[in-house]
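Quick notes on the structure that follows.
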Amino acid sequence: MRLFNRLRLLWGYLRRADRLEPLPVEYIVETTAKCNLYCPMCPRASLPQPQEDMPEAVFERLVAEAGSTAEHMMLIGLGEPLLDSRIFDRIERCAREGISTLLSTNGVLLDETAADRILRSSLEQITLSTDGARKETFEFYRTGARFEQVRDNYLRFCRMKHQRRSRLQVVVQLVRLERNLGEIDEFVRFWRAVPGVDQVRIKEDETALMQPGAGHDPRDWRHPCHYLWRGPLYVKHRGDVYPCCQSYALGGRPVGRIGEQPLAEIFNSGEMRRMRRLHGMKRSGEVDICARCLIAIPHPVLVAGSLLLHGRTVRRALPVIERLALGRWLRPPQKHG
């Protein structure tokens, strides 16, 4: 069923079809909007969030409708997943449907108890986020966190994972920002030497908050954005659905709401179809949120590969793909001014 769904998505992408019968492969599911930090590059800085979790009815409806076709759910958003009291129940709910899951944490709450719970769960991948190799840089970008505490939490977690021979995929991630540019080599050397770490990812800053002059040249939009065909769809904690995570951060409007319309209807809403048509005609810049998006645009070869392989495999390979393909097969935005 899932392979057939992916092949139909690939066919729809290659034909530039605006209406799709298959459903997305991936989802970003914001199970909580609560966070314990303030980070200047996070959309929370300009889009205040309520201290709320996703209602169970919304999550259940989403999983029930997506379950037979979804391959990967990132249980993340603008909140810290470890603040969601139901997060481990949600991981197991996805696992029962055969959906792989990913968490990303800021590490503050990753004490020994939380580490043990994660390692005993069905979680398949975790991103340990940290944006500096040194105390001053880290605490500038992660206001409210202490460098030593988070570093030690991550080291203990990786040690526990290694000792238990867990198959959990551990990615340590740094977002490339102005103040940490001189620390990237140091960061990579340190974390690559830690047993239990599977990959070190240097991620490009995809928000406009710290680089308001960046953007894509209209000529970059030769190829349509894979998000509109493959996903991930972004589901906010109250059930509002956005075409992608960037659309919410850039002030876009939801294309539907879980529980108010069937998922298939949301995926083929009038706005989703309009965006696909414009992307298919190489007029992506006419879509306001797309014109201001800072996501690297993948070549169709990469999109095809992402639909021939299982979503779990694609997500695990992403840091390597970014490192090898950026510039040639992934076209990044350019800074202006």
Side-chain angles (χ1 to χ4, degrees), residues 1-3 5-6 9 20 22-34 52-105 117-118 120-129 167-171 173 201 226-248 254-259 262-264 266-267 306-307 309-319:
M1 178 67 175
R2 288 184 166 95
L3 174 59
N5 183 72
R6 269 188 278 125
L9 283 172
L20 301 169
L23 289 173
V25 172
E26 283 193 315
Y27 297 79
I28 296 175
V29 185
E30 185 182 85
T31 71
T32 183
K34 297 184 293 191
E52 297 175 359
D53 293 337
M54 175 177 280
E56 193 63 14
V58 172
F59 186 79
E60 279 293 327
R61 178 70 176 267
L62 172 63
V63 173
E65 292 193 57
S68 64
T69 52
E71 297 182 354
H72 191 78
M73 284 191 177
M74 293 166 271
L75 305 183
I76 57 177
L78 296 186
E80 164 56 43
L82 295 181
L83 285 170
D84 176 7
S85 62
R86 297 190 186 96
I87 191 61
F88 294 104
D89 294 333
R90 302 193 206 259
I91 291 169
E92 300 308 323
R93 177 72 179 90
C94 289
R96 289 195 296 273
E97 294 290 340
I99 303 170
S100 68
T101 49
L102 172 150
L103 292 186
S104 177
T105 180
R117 189 87 184 271
I118 289 170
R120 288 188 290 107
S121 76
S122 299
L123 186 71
E124 296 193 19
Q125 186 172 349
I126 189 167
T127 298
L128 308 180
S129 295
R167 298 178 65 183
L168 175 68
Q169 185 85 354
V170 175
V171 179
Q173 175 176 288
R201 182 188 188 194
H226 60 302
Y227 284 173
L228 298 176
W229 280 264
R230 183 187 182 277
L233 277 183
Y234 182 38
V235 184
K236 283 286 291 174
H237 73 284
R238 290 175 178 167
D240 290 324
V241 179
Y242 292 81
C244 64
C245 57
Q246 292 295 306
S247 59
Y248 173 77
V255 293
R257 196 171 210 186
I258 300 298
L263 182 60
I266 295 172
F267 196 44
S306 76
L307 286 166
L309 300 173
H310 192 283
R312 173 194 298 112
T313 304
V314 173
R315 185 52 50 178
R316 288 190 172 210
L318 185 60

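Of the possible polar contacts, none joining the Glu30 side chain to the Met54 backbone as a donor-acceptor pair under 3.5 Å is found. Counting only distance, with no hydrogens or angles, the side chain of Arg238 and the backbone of Glu52 share no donor-acceptor pair below 3.5 Å. Checking side-chain atoms of Thr127 against main-chain N and O of Ser129 turns up no donor-acceptor pair under 3.5 Å.
Aromatic ring pairs are classed by plane angle as parallel below 30°, tilted from 30° to 60° and perpendicular above 60°; the pair Tyr248 and Tyr234 is perpendicular.
Judged by distance alone, the side chains of Thr105 and Glu80 do bring a donor and an acceptor atom under 3.5 Å apart.
Between Arg201 and Leu318 there is a side-chain heavy-atom pair separated by less than 4.5 Å. The shortest side-chain heavy-atom distance between Thr32 and His237 does not fall under the 4.5 Å cut-off. By the 4.5 Å heavy-atom criterion applied to side chains, Pro243 and Val255 are counted as neighbours. Between Leu263 and Arg61 there is no side-chain heavy-atom pair separated by less than 4.5 Å.
Test His226, Met74, Met73 against Pro232 for side-chain contact (heavy atoms from CB on, under 4.5 Å) and you get one pass: Met74. When Asp240, Val58, Val235 are each tested for a side-chain contact (heavy atoms from CB on, under 4.5 Å) with Arg257, only one passes: Asp240.
Listed here is the closest heavy atom pair of Ala264 and Leu23: CA-CD2, 3.7 Å. The heavy-atom pair separating Asn5 from Pro22 by the smallest distance is OD1-CB, 3.0 Å. The heavy-atom pair separating Ile28 from Cys245 by the smallest distance is CD1-CB, 3.9 Å. Between Tyr242 and Pro254, the shortest heavy-atom distance links the atoms CE2-N, 3.4 Å. Shown here for His72 and Ser100, the closest heavy-atom pair between the two residues is ND1-OG, 2.7 Å.
With rounding to the nearest 0.5 Å, the separation of CD1 in Ile87 from OG1 in Thr31 is 3.5 Å. Between the CG atom in Leu20 and the CZ atom in Arg230 there is a gap of 14.0 Å [rounded to 0.5 Å]. Here the CD1 atom belonging to Ile99 is positioned 12.0 Å from the OG atom belonging to Ser122, to the nearest 0.5 angstrom. The CZ atom of Phe59 lies 11.5 Å from the CD1 atom of Ile258; values are rounded to the nearest 0.5 Å. To the nearest 0.5 Å, atoms CD (Glu124) and CZ (Arg312) are separated by 4.0 Å. Note that CG of Asp89 is 11.0 Å distant from SG of Cys94, once rounded to the nearest 0.5 Å.
Salt-bridge formation is detected for the pair Glu97/Arg93: a Lys NZ or Arg NE/NH1/NH2 atom is positioned less than 4.0 Å from an Asp or Glu carboxylate oxygen. Under 4.0 Å is where a charged nitrogen must lie from a carboxylate oxygen, and between Asp53 and Lys34 at least one such pair does. Ion pairing of Arg6 with Glu71 is present here, as a side-chain N (NZ or NE/NH1/NH2) and a carboxylate O approach within less than 4.0 Å.
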Note to self: Apply side-chain contact (heavy atoms from CB on, under 4.5 Å) to residues Ile118 and Leu82 and explain how you reach the verdict.
What the structure shows: CA-CA 10 Å; Ile118 289 170; Leu82 295 181; 4.3 Å; yes
Next item on the list: Show your working on side-chain contact (heavy atoms from CB on, under 4.5 Å) between Thr101 and Leu103 and close with a plain yes or no.
Entry: CA-CA 7 Å; Thr101 49; Leu103 292 186; over 6 Å; no
Check: When you look at Val25 and Arg2, which way does the side-chain contact (heavy atoms from CB on, under 4.5 Å) test go after all the steps?
Finding: CA-CA 8 Å; Val25 172; Arg2 288 184 166 95; over 6 Å; no
